[in-house]
Each structure stands twice: as C-alpha cells, then as structure tokens.
Amino acid sequence: MIIAIAGAGYVGLATAAVLADKGHTIRCMDTDSAKIEKLNLGLCPVHESGLQTLLQKNKERINFTSDGRTAYNGAEVVFICVQTPEREDGSVTLAYVYSACAEIAGSLERDAVIAIKSTVPVGTGDAVSEYMRRSDIRIDVVSNPEFLSQGSAIHDILHAARIVIGAAEERAAAAVKSIFESIPCIITDRRSAEMIKYAANGFLALKLSYINEVANLCEAVDADIDSVMRGIGSDPRIGAEYLKPGIGFGGSCLPKDTRALSRMADSGEFKMVCAALEVNREQGSLLLRKAFKYYDSLNGLVVALLGLAFKPGTDSTENAQSVHIAAALLENGAKLKIWDPLAKDSFISRVSGEVILCNTIQQAILYVDLCFICTEWEEIKNLNLEEFLVMKTPIIIDGRNCFNPADVNGLPLIYDSVGRRTVNNLYEV
Ligand code: UDX
C-alpha cells in the first residue's frame, strides 16, 4: 500500500519505520526541511530505541520529503502525526493539523483515507471530514489515536494491546485495520475514538497520582509502598502496571492530555482529573520537602541532580519534574551539579542559574551536600550505594526508588525514598 505520513516526530517516524518494514511504500512529510535533510542523510532526529536501525533497514521503501504533493498525491492512506501543542490556557492548538489537511486536500487526486493519529479534541475528525468533502474524489477521515510511549515506540506499535479506529464508513475502517494486521482492533465512531485517547491518558494520570498519594500516606503511617504495590497490583481489577510511585509524571503527552481533559466538560472541571493534576504538582516538590528534614536552609549547599529526563530512555525534559525541582533548588540558593546520559541539553534550555554539567555520576556526587534522584536510569540503579560515600554529606533523596533500602546495610548515609522507611545511619533528625 502507498502510505503517507504527515509529521516526522517520534510517532510519525516510528509508524513510518514499522509500516515500511511490513513492506508498505512510505512517504514521510515534514515542513521542517532541516529535519528531512537529516533523515535523508540516514540520521534520526529523535532519540527512540531501535528507530534509526529500522529506518536504515527500510530506507529503500521510505521517501522523506518537505513537499506535500510528492508525499500525498497517490497515497491510499495518509496518517496525520503532527504535534498538537498546548496553549497557555491548557487547550490545544490544531494549527499543524489544519495546515497538514490543507496540503493533503490540495494534493490528493484519487480516493484516500485520512487517519488522524495526533491527539485532537473530540469532534476534530468530524470537522476535518467536512473540510475534506469533495465532489470529484472520496476522502474518508478516521480517528486512529496513538498509545505508544516515548522510548519504546517501535515495540509499542508492534505489540500494541489494541488499535482504536473511529470511522463513519466501514470501508475506511477496514483500510486502516488491514495495515495493522493481527493487532486486536476496536472499531467505533470518530468521536468515541477521540475520547478513548483522552480517557486512557486521564485514567493513567489518576492511577499515578493515586499511587503517589498512597506512597506519601505509607510514609506517614510507617507502611511500605513496595509491599502495598505488590498487594494491590496482584489484583487483576487493579493491575500492577503504571503503579510505580515517584516524583510525579511528566512528558509531552500525559500532562497535556490530562489538562485538556480536565477542562473538557462544558459544566466545569473534571473533578477527579483536576485532583490528579493537583497531586502531581505537589508531588513535584516532594524531594524539596524531604531536603528540609535534613537542612534548615539550602542556601549555599551543593546539590547533585541525577537524572533529568521525564523518564528513562528519552532525551526529553518536557514537563519533567526535574526542571521544577532545579528551579526551586536554585531559588533556595543551592548550586547544582547535574548528570543525565541524554537530556542535559534539553534541561539546560529550560533552566537558568548556577548549574555544573557533569559527564559522570561520580563527578556529579563528589563532595556535594545532598543528592536528588529524578530519573531511574539504569546507570543509577547499577551503582553500589557505597559509591555515594564520596559526597560531603551522604544524604540521598531518591524520587524514583532506584535502590532497595536494605542495601544500605550499615553504610554511613541517609537513604530517603518514596513511600518507604528512611534509612538514617548518619544522625538524629
Ligand atoms: C504516555 C502514555 O503512556 C501513552 O500511552 C500516551 O500515548 C502518551 O503519553 P509517555 O509520555 O511516553 O507516554 O510516557 P509514560 O511512559 O506513560 O510515562 C509518563 C510519566 O509517568 C513519566 O514521567 C514516568 O516517569 C511516569 N510514570 C510512569 C511513573 O511515575 N510511574 C509509572 O509506573 C509509570
């Protein structure tokens, strides 16, 4: 099948690579010609595990272009994978979706299906369908929301639990379904498909904020979140996934989609989702609150920040709690030494103040007064806790529960994590 993809971000590129690998002919369009140039040189502009290799393997079947007509004319299915950025007030802007639609409409000369993967407000598919209506050819519009996670996009497309197709015409749904072959498919109307995406991300946000609040409560009542997680996660009605406590969720989708959902109801706010967002905001200051258990003031302290990306496996710091934490530390007069294997550049573009970039964890923690862990990178989890003894005062505040408190095993340090008993072998607090 000839398939066009609008938008060469991580969703568009991962979709292009996987579908090319299945034997389809792919035309991938992006208005950013520098990005297209890079792709044509065999370089991948986003960090995504396995993506560069899969693009390289299938380069004969993928044409990267900035020219809409080259991409869209003759395509049987066009996937819209452009970004839908958030406005100041939490609503999303559809400017990129509509400019892609305008180019698609101006380029198509035969029947085609347009599948919207971008996360768009309910009703957008209907509006696009109306916009695409033509007397000479038939353009069907379906909603095909994407549930893949950054960092595991290829795996998530290949092993999706389901694909959702919202269509007004059976023929259009069947065309998109045939592309994804054996993946279980939920076919519904366009508006419900669009709603499924928001409802899924909103529910995940609720789950995360719930477990974070339970973790905070565990600390207050001297219980252990690891045991509680095992106890509730083994109940199939609850499930063990997405139940890891921490400093709160970030990224380019979950916070944005949750904020959009929170203000979707005409009647006012979506109360539970608003509460999840509020808990997430507060959870971002957890490490700072913990730091004040050990220091009356952070002024003049040197703090190591290990892990900056919003989660491991990505170079993104979009809506990352590390950014808020760094800003609060700097505001309190602390100096920062930071380490991250991928996200340093992205982080530095969002934070201003006295920050020392470190190439190794050892460099970052050397002679510091405090260490915050914000992302559970393998490099951190693989450390031996003894290695932290190079700190001036070995106080580790771990926002991602990278270590087992039992591993402290008499070492002269403080290990304070989320929802678990603090091990304090240093001094009375
Ligand atoms: C998310 C959704 O998973 C995906 O379905 C949707 O399409 C886009 O948004 P992504 O942004 O890649 O994907 O991140 P995800 O892996 O879901 O993690 C989001 C945040 O939640 C991260 O900050 C992560 O650290 C946090 N998280 C996730 C937890 O704190 N605990 C968990 O158990 C899982």
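In this chain, numbering begins with 1 at the start of the sequence shown. Remember, it's 1-based here, ligands and their atoms both numbered in the order they're listed.
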**Request:** Would you sort out whether D224 and S227 count as a side-chain hydrogen bond (donor to acceptor under 3.5 Å, both in side chains), showing the intermediate values?
**Result:** CA-CA 6 Å; D224 173 55; S227 307; 3.0 Å; yes
**Message:** For T84 and K256: C-alpha separation, side-chain torsions, deciding distance, then whether side-chain hydrogen bond (donor to acceptor under 3.5 Å, both in side chains) applies.
**Reply:** CA-CA 10 Å; T84 50; K256 175 180 80 121; 2.8 Å; yes
**Item:** Evaluation steps, side chain to side chain contact (heavy atoms under 4.5 Å, CB included), between V113 and E76
**Value:** CA-CA 6 Å; V113 174; E76 292 155 79; over 6 Å; no
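In this structure, K207 places its NZ atom where more than 12 heavy-atom neighbours from other residues, nucleotides or ligands lie under 6.0 Å away.
Residue contacts with ligand 1 for L243 involve N, CA, C or O but no side-chain atom from C-beta outward (heavy atoms, distance under 4.0 Å). Counting heavy atoms under 4.0 Å from ligand 1, residue N201 touches it through the side chain alone.
When N212, L254, L208 are checked for heavy-atom proximity to atom 32 (C) of ligand 1, L208 turns out nearest. Looking at M229, Q283, K311, K197 and measuring to atom 10 (P) of ligand 1, the nearest heavy atom belongs to K311. Nearest-heavy-atom check against atom 25 (O) of ligand 1 across R400, E146, K256 picks out R400.
Close approach of ligand 1 to F249 is summarised as follows: ligand atoms under 4.0 Å from at least one heavy atom of the residue are 20 (C), 21 (O), 23 (O). Listed by atom number, the atoms of ligand 1 under 4.0 Å from C253 heavy atoms are 8 (C), 9 (O).
F147 carries R162 over the face of its six-membered ring, with the cationic atom under 6.0 Å from the centre and within 45° of the normal.
Ligand 1 has at least one atom lying under 4.0 Å from a heavy atom of G250.
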